[in-house]
Protein chains: 2
Amino acid sequence: MSARLQTDKSQAVEVAKELFWRRGFEDVSIEEVVKATGFNRYALYTAFGGKREIFLATLDAYYQERRSIFLTSLDDPDTAPLEAIRRVFEFAINEMAERGTGCMMCNAATAAGDPDPLVIERVETYLEEIRSAYIEALQRAQAREEINTTISIEAEAALFITLMFGLGVHARRGASSQEMMSVVDSTISLLANSRQP
Amino acid sequence: MSARLQTDKSQAVEVAKELFWRRGFEDVSIEEVVKATGFNRYALYTAFGGKREIFLATLDAYYQERRSIFLTSLDDPDTAPLEAIRRVFEFAINEMAERGTGCMMCNAATAAGDPDPLVIERVETYLEEIRSAYIEALQRAQAREEINTTISIEAEAALFITLMFGLGVHARRGASSQEMMSVVDSTISLLANSRQP
DNA sequence: TGATCTTTAGAACCATCATTCTAAAATGGC
DNA sequence: GCCATTTTAGAATGATGGTTCTAAAGATCA
């Protein structure tokens, strides 16, 4: 009964995520969510609370999926760290460009209106996890001498996050995955070919 | 008379730009624009056409201001190209972080709903100009041997645009200008310290 | 089957918004 | 000062949206 309800809820979140990812919080009406999920309107309200809570649940679901894909790739001991980072971007770029929806976190952060504190809070939590994963990968890269040992790991991790944000915007303006991958490749080359300052 | 009307129009655009930049197209009502500009509602419609046209005019005004600041800095013959690029980012970051509004072009591109073709078209035009300016600066940097001559100028120009987009998103999530500048500085260092592959 | 509890579909409520209409006020030329 | 034109403030229009209410339908279990 409760398990069944949870299943229904996560299915509804999956469907609503698709809508919110593509068109954002403002542009998707509850009516559309009701139609797309098959959930009863009143049941949606009792299950989630309101539109905002549904949106936050979809944002969580979006992140958890990407988190598991990213961390699996970055933690793979059989892949060189820089190549693992490259693959993370490759996956993200293919997804963002193919769908033209960009990155749901970027879209949520840049949404119209004053920033929603709950959205920002979640994004901060997500970013901290991703940042740690980049830092670990970059430390391994330094240990293997794939990259210069004088480079600031923290700064490079921040660079990767900024790149991912920027690529999310590029995807929204309709950039091709080739255009986007060339940015990533050139950054990784710079990192791999950096000499002592 | 017509000159006076034009003056009034550009003053109204300035005021409306402030609103749209901070809160986006959707979240600002015509009523607010009327109150903030002092324009009569009906007069606004006869002068511009509608809300969308007012927004597009503010987006143009936003870009033209930044364009002139960027190009002036990038074309300054007394400044080393990489330093000029760094100053462009410094200006943009201070503005975006201080105001917390991010980049109006990014916000417009990632806005809720299906992307507005007229917005995308304008953003593409703006980007092409900025891209050219970066490319010229990078060519001068190569000519002065500030950067490695084997580096792809086009890829680096694309990288700078992506960085600027990403920083716009960072600003919306409340990042500090220090955090944002460190990303720029580390990228420029990578570029300056790149050896032959 | 029948009584109780849950779920549902749709109406109702209240608010907001872009845009247009209208009648009053202001302006300008003579 | 007076008439023609422009400008204005506010109401009207038509539409949408989030949320809640309600009465009917359905499920549960004895």
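Numbers restart at 1 for each chain; the letters A, B, ... are given by sequence-line order, proteins then strands.
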**Student:** In whole angstroms, how far is the P atom of D:dG18 from the CG atom of A:Leu44?
**Tutor:** 12 Å

**Student:** List, with names and distances, any nitrogen or oxygen atoms from the protein found under 3.5 Å away from nitrogen or oxygen atoms belonging to nucleotides 10-14 of chain D.
**Tutor:**
{"unit_1": "D:dG10", "atom_1": "N7", "unit_2": "B:Arg41", "atom_2": "NH2", "d": "3.1"}

**Student:** For residues B:Leu167 and A:Thr162, report the shortest heavy-atom separation together with the two atoms involved.
**Tutor:** N-CG2, 3.8 Å

**Student:** Report the nucleotide, chosen from C:dT8, D:dG17, C:dA18, that has the shortest atom-to-atom distance to any side-chain atom of A:Lys51.
**Tutor:** D:dG17

**Student:** In this structure, how many angstroms lie between the P atom of D:dT8 and the OH atom of B:Tyr45, rounded?
**Tutor:** 16 Å

**Student:** Please give me the minimum heavy-atom distance between B:Gln142 and B:Asn148, naming the atom from each residue.
**Tutor:** NE2-O, 3.1 Å

**Student:** Quickly work out the A:Glu31 CD to D:dG18 P distance and round it to whole Å.
**Tutor:** 9 Å

**Student:** How is B:Val28 classified with respect to the nucleic acid when contacts are heavy atoms under 4.0 Å: base, sugar-phosphate, or nothing?
**Tutor:** sugar-phosphate

**Student:** Using a 6.0 Å cut-off, check whether atom CZ of A:Arg131 has over 12 heavy atoms from anything other than its own residue.
**Tutor:** no

**Student:** Return the value, rounded to whole Å, for the distance between atom CZ of B:Phe48 and atom C1' of C:dT19.
**Tutor:** 16 Å

**Student:** Please give me the minimum heavy-atom distance between A:Ala171 and A:Ala97, naming the atom from each residue.
**Tutor:** CB-N, 4.4 Å

**Student:** Provide, to the nearest angstrom, the distance between the CD1 atom belonging to A:Ile30 and the C1' atom belonging to C:dT8.
**Tutor:** 17 Å

**Student:** Using a strict 4.0 Å threshold on nitrogen-to-oxygen distance, state whether A:Glu136 and A:Arg140 make a salt bridge.
**Tutor:** no

**Student:** Between D:dT8, C:dA18, D:dT19, which one does the side chain of B:Asn40 approach most closely?
**Tutor:** D:dT8

**Student:** Tell me: CD of A:Glu26 to C1' of C:dA15, nearest whole Å?
**Tutor:** 15 Å

**Student:** What integer distance in Å separates B:Glu32:CD from C:dT19:P?
**Tutor:** 15 Å

**Student:** With sequence neighbours left out, which residue pairs that include part of residues 88-103 of chain B fulfil the side chain to side chain donor-acceptor pair (under 3.5 Å) condition?
**Tutor:** B:Glu18-B:Arg99, B:Trp21-B:Thr101, B:Arg66-B:Glu95, B:Arg86-B:Glu90, B:Arg99-B:Thr101

**Student:** Round to the nearest Å and state the distance from A:Asp27 atom CG to D:dG17 atom P.
**Tutor:** 9 Å

**Student:** B:Tyr126: what forms a side-chain contact (heavy atoms from CB on, under 4.5 Å) with it, not counting sequence neighbours?
**Tutor:** B:Leu59, B:Asp60, B:Tyr63, B:Met105, B:Arg122

